[in-house]
Amino acid sequence: MPKSEFYGKSVLITGGMGFIGSNLAIRLTELGANVTILDAMIADYGGNEFNIMPVNDQVRVNFCDIRDESAVTYLVRGKDYVFHLAGQVCHLMSMTNPFPDIDMNITATAILMEACRKYNPDAVVVYTGTRGQYGPSVSLPVNEEAPTNPKGIYEISNLTAEKIIKVYNDVHGIRSVLLRLSNIYGPRSQMRHSRFGVCNWFVRLAMDNQPIQVFGDGSILRDFCYVDDTVEAILRVAITPAAYGEIFNVGSDIPVTFLELVKVIIKQAGRGQWNFAEFSPERKAQEPGDFYSDVNKILRFTGWVPETSLEDGLTKTIDYYTKYGAHYWDTQFGRELINVQTAPLSTHK
Ligand SMILES: NC(=O)c1ccc[n+]([C@@H]2O[C@H](COP(=O)([O-])OP(=O)(O)OC[C@H]3O[C@@H](n4cnc5c(N)ncnc54)[C@H](O)[C@@H]3O)[C@@H](O)[C@H]2O)c1
């Protein structure tokens, strides 16, 4: 990443106190950008003031909601880049209450894009959607031409946000890039509950030496992408004019089963145990089956490839939470465990 591309540029990161947003804020600050963060610190999501500790005195933070039209209108002005990461992030919640998704992912995205259209049409916008927008895979690996048949409201709201932004790109000329992220893991993710961020949640369980529950027979495939690689992908598309208006997968394209993932986590953590467990009915209903990304398109456009192996990424993640875990959960061996399924079938070390 050439430092000059972001040096002295003004950037806005919505959701910048969260997992991916804070890693992005730190990297952009290192690259010399003037970073403004917008974040409402929604309870249970990943916002954490400790996340931006390394750049605390170098970034500007606005604690406001992305649905606040006047705040957003004010904040987009003068920005060279807008990285749009704030939103409703919980698949499970979206199936019991669809309205936060409609509000935070759809309405708020329209508010942001309208603000850009009216007050800063020269900004470049990058949006982080989800691999869930595809729904069940028709063939593997999944490329950007695959059909989109999402299985949940969260995924539909991400797809809708993507389409709204694409219209602003195509019709109003707001240069935008649409990303579909796979399962991202690494430092600065919330570790308090299991409702999203499965890989990080498993890391916490291993570190607390609590049983990790592997749903079904553990054979479902996913590609887990380390957050630094994800940040690099976000930055590369932002500075690649040929990428504007395009959709890109961001994943690791190396499929692993959940069982393999758990075994690697336990190995890298040097502790932990696991057992098979039944899917809860709501998880089963939303499970799209095997997925892993074809990342050839983003490679072709930007030269990006995920560089961090699962082993290295997990070691860095474990090192981070070994040092700073107290800022993410009560480290007294799982005292605060939330949402852990019961009924293990048998336990393995
Ligand atoms: N982490 C992943 O594996 C993953 C995978 C696919 C897509 N994504 C997408 O990437 C984006 C970032 O995800 P993350 O993992 O960093 O989540 P996160 O929960 O750690 O961060 C999201 C941040 O957005 C803020 N936020 C939410 N709603 C807001 C609102 N209405 N106004 C202002 N701030 C608000 C939250 O307070 C939080 O700090 C999300 O849009 C998510 O859907 C993440």
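It should be emphasised that the depicted structure is a prediction, and the values quoted were computed from it without experimental measurement. Numbering of ligands and ligand atoms starts at 1, following listing order.
- Every atom of ligand 1 is numbered from 1 in the order shown, and the set under 4.0 Å from a heavy atom of Leu38 is 33 (C).
- Polar contact with ligand 1: absent for Met104 (N/O pair, distance under 3.5 Å).
- Against a heavy-atom cut-off of under 4.0 Å, Phe19 is close to the following atoms of ligand 1: 1 (N), 15 (O), 16 (O), 18 (P), 20 (O), 21 (O).
- Side-chain N or O atoms of Asp229 include one that pairs as donor or acceptor with a backbone N or O of Thr308 at under 3.5 Å.
- Considering backbone and side-chain N/O of Gly129, none are found under 3.5 Å from N/O of ligand 1.
- The protein non-hydrogen atom at the shortest distance from atom 12 (C) of ligand 1 is Leu85 O, 3.3 Å.
- When each atom of ligand 1 is checked for a heavy atom of Gly15 under 4.0 Å away, the hits are 23 (C), 24 (O), 25 (C).
- Checked by atom type, the side-chain pair Arg180/Asn158 shows no donor-acceptor distance below 3.5 Å.
- Aromatic ring centres of Tyr320 and Tyr328: separated by under 6.0 Å.
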Please tabulate, for the side chains in residues 32-41, all donor-acceptor contacts under 3.5 angstrom to protein atoms that are two or more places apart in sequence or on a different chain.
residue : atom : partner : partner atom : Å
Asp39   : OD1  : Met41   : N            : 2.7
Asp39   : OD2  : Met17   : N            : 3.0

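- Proximity of a side-chain donor or acceptor of Gln133 to a complementary backbone N or O of Thr130 within less than 3.5 Å is detected.
- Screening residues 161-182 for ring pair (Phe, Tyr, Trp, His ring centres under 6.0 Å) gives Tyr168-His172 as the qualifying pairs, with residues at least two apart or on separate chains.
- Salt bridge status for Arg236 with Glu232: present, with a side-chain N to carboxylate O gap under 4.0 Å.
- Per-residue contacts place Gly18 under 4.0 angstrom from the following atoms of ligand 1 (heavy atoms of the residue considered): 20 (O), 21 (O), 39 (O).
- No N or O atom of Tyr45 sits closer than 3.5 Å to an N or O atom of ligand 1.
- Of the N or O atoms in Asp65, one or more lie within a sub-3.5 Å distance of an N or O in ligand 1.
- When only interatomic distances are considered, the shortest N/O to N/O separation between Tyr154 and ligand 1 falls below 3.5 Å.
- For Met41, the closest heavy-atom approach to ligand 1 falls below 4.0 Å.
- Of the protein's heavy atoms, Gly46 N, 3.6 Å lies nearest to atom 18 (P) of ligand 1.
- Here's the thing with Ile20: one of its N/O atoms is less than 3.5 angstrom from an N/O atom of ligand 1.
- At a 3.5 angstrom cut-off on N or O pairs, Ala86 does not count as close to ligand 1.
- Cation-pi contact between Lys297 and Phe301: present, with separation from the ring centre below 6.0 Å and deviation from the ring axis of at most 45°.
- Residue-ligand proximity: Cys64 is placed with a non-hydrogen atom under 4.0 Å from ligand 1.
- Thr14 places a side-chain N or O within donor-acceptor distance of the main-chain N or O of Ala86, the cut-off being under 3.5 Å.
- By the criterion of a heavy-atom distance under 4.0 Å, the backbone of Ser182, and not its side chain, is placed next to ligand 1.
- The main-chain N or O of Ala123 is never found under 3.5 Å from a side-chain atom of Asp80 such that the two would form a donor-acceptor pair.
- Asp290 places no side-chain N or O within 3.5 Å of a backbone atom of Ser137 that could act as its donor or acceptor partner.
- Phe202 and Tyr185 have their aromatic ring centers separated by at least 6.0 angstrom.
- The shortest N or O to N or O distance between Val89 and ligand 1 is not below 3.5 Å.
- Remark: the backbone N or O of Leu179 is not paired with any side-chain donor or acceptor of Thr128 at under 3.5 angstrom.
- A cation-pi contact, defined as under 6.0 Å to the ring centre and within 45° of the axis, links Arg131 to Phe291.
- At the shortest separation from atom 27 (C) of ligand 1 among protein heavy atoms lies Gly87 O, 3.3 Å.
- Atom 34 (N) of ligand 1 has Ala40 N, 3.1 Å as its closest protein atom, hydrogens excluded (heavy atom only).
- Classification of the Phe224-Phe258 ring pair by plane angle, with boundaries at 30° and 60°, yields perpendicular.
- Checked by distance only, ligand 1 and Ile184 come closer than 3.5 Å through their nitrogen or oxygen atoms.
- The distance from ligand 1 to the heavy atoms of Gly47 drops below 4.0 Å at these ligand atoms: 38 (C), 39 (O).
- In this structure, the protein non-hydrogen atom closest to atom 29 (C) of ligand 1 is Ile42 CG1, 3.7 Å.
- Of the protein's heavy atoms, Thr128 OG1, 3.3 Å lies nearest to atom 10 (O) of ligand 1.
- Closest protein heavy atom to atom 30 (C) of ligand 1: Ile66 CG2, 3.3 Å.
- For atom 36 (C) of ligand 1, the nearest non-hydrogen atom of the protein is Asp39 OD1, 3.4 Å.
- Between Gly21 and ligand 1, not a single N/O pair is under 3.5 Å apart.
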